[in-house]
Asks: 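The structure that follows is given in the form of structure tokens.
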Amino acid sequence: MTSRSMLASFSDHAARRAQATALVWQDERISYSELYEMAARAASELRALDLPRSQPVGLLAEKSPSAIALILGCLMAGHCFVLPSFELASATHEILFERASCSAILSPETGTKVGSMRFATKIIDTRASGTGLARAIEAGDIAVMLTTSGSTGLPKLVPLPMRGIERFMDWACDKFGIGPGKTVLNYAPLNFDLCFLDVWATLKGGGCVALVDRRHATNGTQLLRLLSTADVQVIQAVPMFYRLLIEAAKPSGVRFKGVQHVIFTGDSMPGACLEALPTLFPAAAFYNIYGCTETNDSFIHEADLSSPFAGRVPIGQPLPGVEAAILDENGAVIEGSGVGELVVLTPFQTRGYIGDDLNEGKFLSLIRGGSVQAYFRSGDLVQRHEDGSITLEGRKDFHVKVRGNRVNMQEVERIILDHADVIEGAVVALPDQLAGNRLQASVRRRPRSGLNSLHLFQHCARSLARAAIPSSFTVGDSPLPKTSTGKIDRQQIRQLYLKGEHHA
Amino acid sequence: MPNVRIKQFVIEEFLPDVPEGDLTEDFDLIENGVIDSLGLLKVIAWIEDEFGVLIEVDEMVPENFSTIGTISAFVERTRELSGSDNLELA
């Protein structure tokens, strides 16, 4: 089935269901016709600039209705765009925009009323005509460029084809019943690939997106309020969102009976959270979704949380059209049970990062079903169990040796996060002359919980081997440092420890 | 009593954010990963300096150092045997 494009569907909703709400933002509701008008204005301003279509435009846009309209405007005007995290340093933005050969940098003007659509423009005019990049854009192979989280060094530019994105959005609408009358909560910043599901598929399907304002993203009470007022049916968010929500909902015992689909993604979901979810969302189905920016979502598992859950939630089954394999340490495909690196091939994936040198070792040619295909090396270690189910074990590079024992630091983090009084936790390895490495845990505790390292030692000792118990814990009340895409910045935490500057 | 000083040392070295009252005499420091094999070497070196005793290799077993209580009893016992009571400053 060939479906219509997101843009055509969106325009259709604006024409036929003009007054239907497209976005909920703070205390406002923006209808499809309002959003369409804002987008059309952005598109016409963009056309007036007469920028070459063979070059992308760079977008500096923090989540807002104007930012969404600007993105739609780019699509309407037929411009490929680069959407890095808004929170990167401006020097990093400049490097990324230059690397992507952007012709201009656009940002919605701040301080303007919702509905008025103006943007600031900075023409940079990096010529790209005749290059492979320009040809790929002209051929429609690149529509959007996102960036990787870049916890190590400069974020990488990930070009994505519109065909793949459209196919993914169709799957999402179908799978979660996203359409007119449905409201989907968007927690992630706009530069996350997660938005293909919660923002863009929703606008394609004709539903309503309830946007979480970045300034409220770590405020459980505000999240609770948005869920209550926006009458949400579908939620997609990272585990931290659910932790905050569960905590904030405790005093009142509030339940969300209208929520039908609860999707967690981006990280392992702590056991304590899984236990609390069915109470908070008594009528919902629960899903674990696995994916990377480079490939978009590739696995989904519907989790039965009705009985107490032991162990890890499987990543589940490949999405339609997705192929996957598990490789052992020598790069050979593991057919039965075993632990290895997950490699995936999805209909939504990138053909490679911008910058040929960055692609070395990231893609792998595998002959499957008679043809050679470029699989993406996820860098994630997975285990395929006897029953065929696959669980995420951690990152390939999250393994360290402590006193000769191989320790998976993510496993340690997962155990720490299982403690009811822990809001965030990160484990880093510091060099140690004797032990090789020692593990240092950094923990943000629940306010007024009085949690200290003694409790955490006891807690970890119940589930972890001796060598995997961190040598020390820093327990505090402040949020842990984050990367531009909101993930915990372990590199920065590690640097702070190495410099002796980390304190709770 | 050596146990007060031992507790202070263990807290300072391994559990700096823990109030003294939280650490009980019978909390298993080794089982709970507070003192690992390398931490044990630190504890032994400190006891030797602090209480002026020499700890033999065959005494360096986890059982002697698993709790504040057992460390304290071990120190008492070793001091009696070596007659080094007089080294302790009042």
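Per chain, numbering begins at 1; letters A, B, ... match sequence-line order.
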Asks: Just give me the residue among B:I30, B:D28, B:L41 that pairs up with chain A most often, heavy atom to heavy atom, under 4.5 Å.
Replies: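 Counting heavy-atom pairs under 4.5 Å, the top option is B:I30.
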
Asks: Applying the side chain to side chain contact (heavy atoms under 4.5 Å, CB included) criterion to B:F65, which one of B:V10, B:I47, B:T70 satisfies it?
Replies: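 By the side chain to side chain contact (heavy atoms under 4.5 Å, CB included) criterion, B:F65 pairs with just one of B:V10, B:I47, B:T70: B:I47.
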
Asks: Counting heavy-atom pairs under 4.5 Å to chain A, which of B:P19, B:G33, B:G39 comes out on top?
Replies: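 Heavy-atom pair counts peak at B:G33.
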
Asks: Which answer fits B:I35, side chain, backbone, both or neither, if we ask what part of it has an atom under 4.5 Å from a heavy atom of chain A?
Replies: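 Neither part.
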
Asks: Between A:H459 and chain B, with a heavy-atom cut-off of 4.5 Å, which part of the residue counts as in contact: side chain, backbone, both or neither?
Replies: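 Neither; nothing under 4.5 Å.
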
Asks: I'd like to know if the side chain of B:N64 reaches the main chain of B:E59, judged simply by a donor and an acceptor atom lying under 3.5 Å from each other, with no hydrogens or angles considered.
Replies: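 Yes, because the side chain of B:N64 sits within donor-acceptor range (under 3.5 Å) of the backbone of B:E59.
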
Asks: Counting heavy-atom pairs closer than 4.5 Å to chain B, which one of A:S453, A:S471, A:A467 comes out on top?
Replies: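 Of the candidates given, the most pairs with chain B belong to A:S453.
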
Asks: In plain terms, say whether A:R414 and A:E411 are close enough for a salt bridge, that is, a side-chain N and a carboxylate O under 4.0 Å apart.
Replies: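 A:E411 and A:R414: salt-bridged.
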
Asks: Parallel, tilted or perpendicular, judged at 30° and 60°: which one describes the rings of B:F14 and B:F9?
Replies: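 Taking B:F9 first and then B:F14, their aromatic rings stand perpendicular (interplane angle over 60°).
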
Asks: Under a 3.5 Å cutoff, is there a donor and acceptor pairing between the side chains of A:T474 and A:Q440?
Replies: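 The criterion, which ignores hydrogens and geometry beyond distance, is satisfied for A:Q440 and A:T474.
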
Asks: Let me know if B:I11 has heavy atoms under 4.5 Å from chain A in its side chain, its backbone, both or neither.
Replies: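 Contact with chain A involves no heavy atom of B:I11 at all.
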
